[in-house]
Amino acid sequence: MDAVRLIVTSRRALAAAGGGVPDLLTEVWQAQALAQAIGSRLALAGPPHLRGEATGLADLAGHGIGVLDRAPLNSGEPRAARLTELGDTRACLMHLGGLLGDVGIALVGIACAADDEATYWSCVEAIDAADEARDRVRDMLRKLAEREAALPRREAG
């Protein structure tokens, strides 16, 4: 499945996760796993000038998964396993940045309502990972824009 379609599916699932903290954490985990998969795919086969940032994105999303330590219960294969193609890099990154923003918002809500310190601190660390991953996405979008702006100048010269 195309990355943008998976991201849109993840955003909808995160928004619809009204079954409480376990459902929200499951969707956050799914979103982080998807961000990791997209980062890994970009690091291997994406534009060469984005590969370093893409590796960082995959690492940060992986850290967010590890901090949460909550694999989806009874949900079968992770949504990220359905990723077959990235499609347009810019569109993929734009949508992924939105998903990571949604993840951060969901985690803030969970942290604010946490009954125990362990959940609170796990959420805080996962918020940091999602925020840093989103920063990587922004950096990649900036690099894409700079590269595209430089192309007309080279062709004109």
Side-chain angles (χ1 to χ4, degrees), residues 1-17 23-72 75-111 122-157:
M1 183 180 284
D2 176 75
V4 171
R5 285 183 58 203
L6 279 172
I7 294 166
V8 169
T9 299
S10 289
R11 288 186 85 174
R12 287 181 183 150
L14 185 60
D23 290 339
L24 270 174
L25 285 173
T26 295
E27 289 307 323
V28 165
W29 187 95
Q30 288 276 10
Q32 290 282 36
L34 182 56
Q36 183 182 36
I38 290 170
S40 294
R41 184 76 58 98
L42 281 169
L44 291 174
H49 64 286
L50 300 182
R51 290 184 181 166
E53 295 294 333
T55 299
L57 169 62
D59 291 345
L60 288 163
H63 180 70
I65 292 168
V67 168
L68 293 175
D69 194 35
R70 177 181 294 274
S75 62
E77 193 172 52
R79 198 172 290 125
R82 293 186 240 154
L83 179 65
T84 56
E85 63 181 280
L86 292 176
D88 178 63
T89 303
R90 175 178 304 291
C92 175
L93 291 172
M94 292 290 291
H95 285 284
L96 184 58
L99 176 61
L100 290 168
D102 292 349
V103 164
I105 291 167
L107 286 165
V108 167
I110 296 168
S122 292
C123 286
V124 168
E125 208 169 327
I127 291 165
D128 287 344
D131 189 46
E132 289 180 40
R134 191 171 181 207
D135 287 346
R136 293 292 171 117
V137 168
R138 285 186 189 135
D139 288 344
M140 287 189 279
L141 285 167
R142 181 185 46 77
K143 285 182 178 183
L144 278 174
E146 288 171 356
R147 177 69 59 112
E148 288 172 4
L151 287 176
R153 286 190 300 239
R154 282 190 210 138
E155 290 172 0

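Numbering of residues begins at 1 and proceeds along the displayed sequence. Side-chain atoms are counted along with the backbone in the values below, which use heavy atoms only and exclude waters and symmetry mates.
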Practice task
Answer yes or no: does atom CE of Met1 have more than 12 heavy-atom neighbours from other residues, nucleotides or ligands under 6.0 Å?
Solution key: yes
Completion exercise
Residue pairs meeting side chain to side chain donor-acceptor pair (under 3.5 Å), one or both in residues 41-59, sequence neighbours left out, come to none
Exercise for the section: Compare every heavy atom of Leu57 with every heavy atom of Gly39, then report the nearest pair and how far apart it is. Expected result: CA-CD2, 3.8 Å
Completion exercise
Nearest heavy-atom contact between Ala126 and Leu68 is CB-CD2, 3.8 Å
Practice task
Decide if atom CZ of Arg142 counts as having more than 12 heavy atoms of other residues, nucleotides or ligands within a radius under 6.0 Å.
Solution key: yes
Handout entry: OG1-CD distance between Thr9 and Gln30, expressed to the nearest 0.5 angstrom
Key = 11.0 Å
Handout entry: 4.5 Å side-chain heavy-atom contact, Arg90 and Glu148
Key = yes
Handout entry: Non-hydrogen atoms of Leu60 and Ala129 that approach each other most closely
Key = O-CB, 3.6 Å
Handout entry: Atom of Ala106, atom of Val28 and distance for their closest heavy-atom approach
Key = CB-CG2, 4.1 Å
Handout entry: Pairwise side-chain contact, Leu6 with Ile38, heavy-atom cut-off 4.5 Å (strictly under)
Key = no
Handout entry: Sub-4.5 Å side-chain heavy-atom contact between Pro47 and Leu42
Key = yes
Exercise for the section: Using the side-chain hydrogen bond (donor to acceptor under 3.5 Å, both in side chains) rule, pick out the option among Arg79, Arg5, Gln32 that qualifies with Ser10. Expected result: Arg79
Handout entry: Minimum-distance pair of heavy atoms, taken over all atoms of Glu27 and Ala13
Key = OE1-CB, 3.1 Å
Handout entry: Least distance between heavy atoms, Ala80 atom then Ala37 atom
Key = CB-CB, 3.9 Å
Exercise for the section: Please test Asp135 against Arg138 for salt bridge (charged side-chain N to carboxylate O under 4.0 Å, His left out), starting from the C-alpha separation and ending with a verdict. Expected result: CA-CA 5 Å; Asp135 287 346; Arg138 285 186 189 135; 3.2 Å; yes
Completion exercise
To the nearest 0.5 Å, atom CG of Leu14 lies from atom CD1 of Ile7 at 13.0 Å
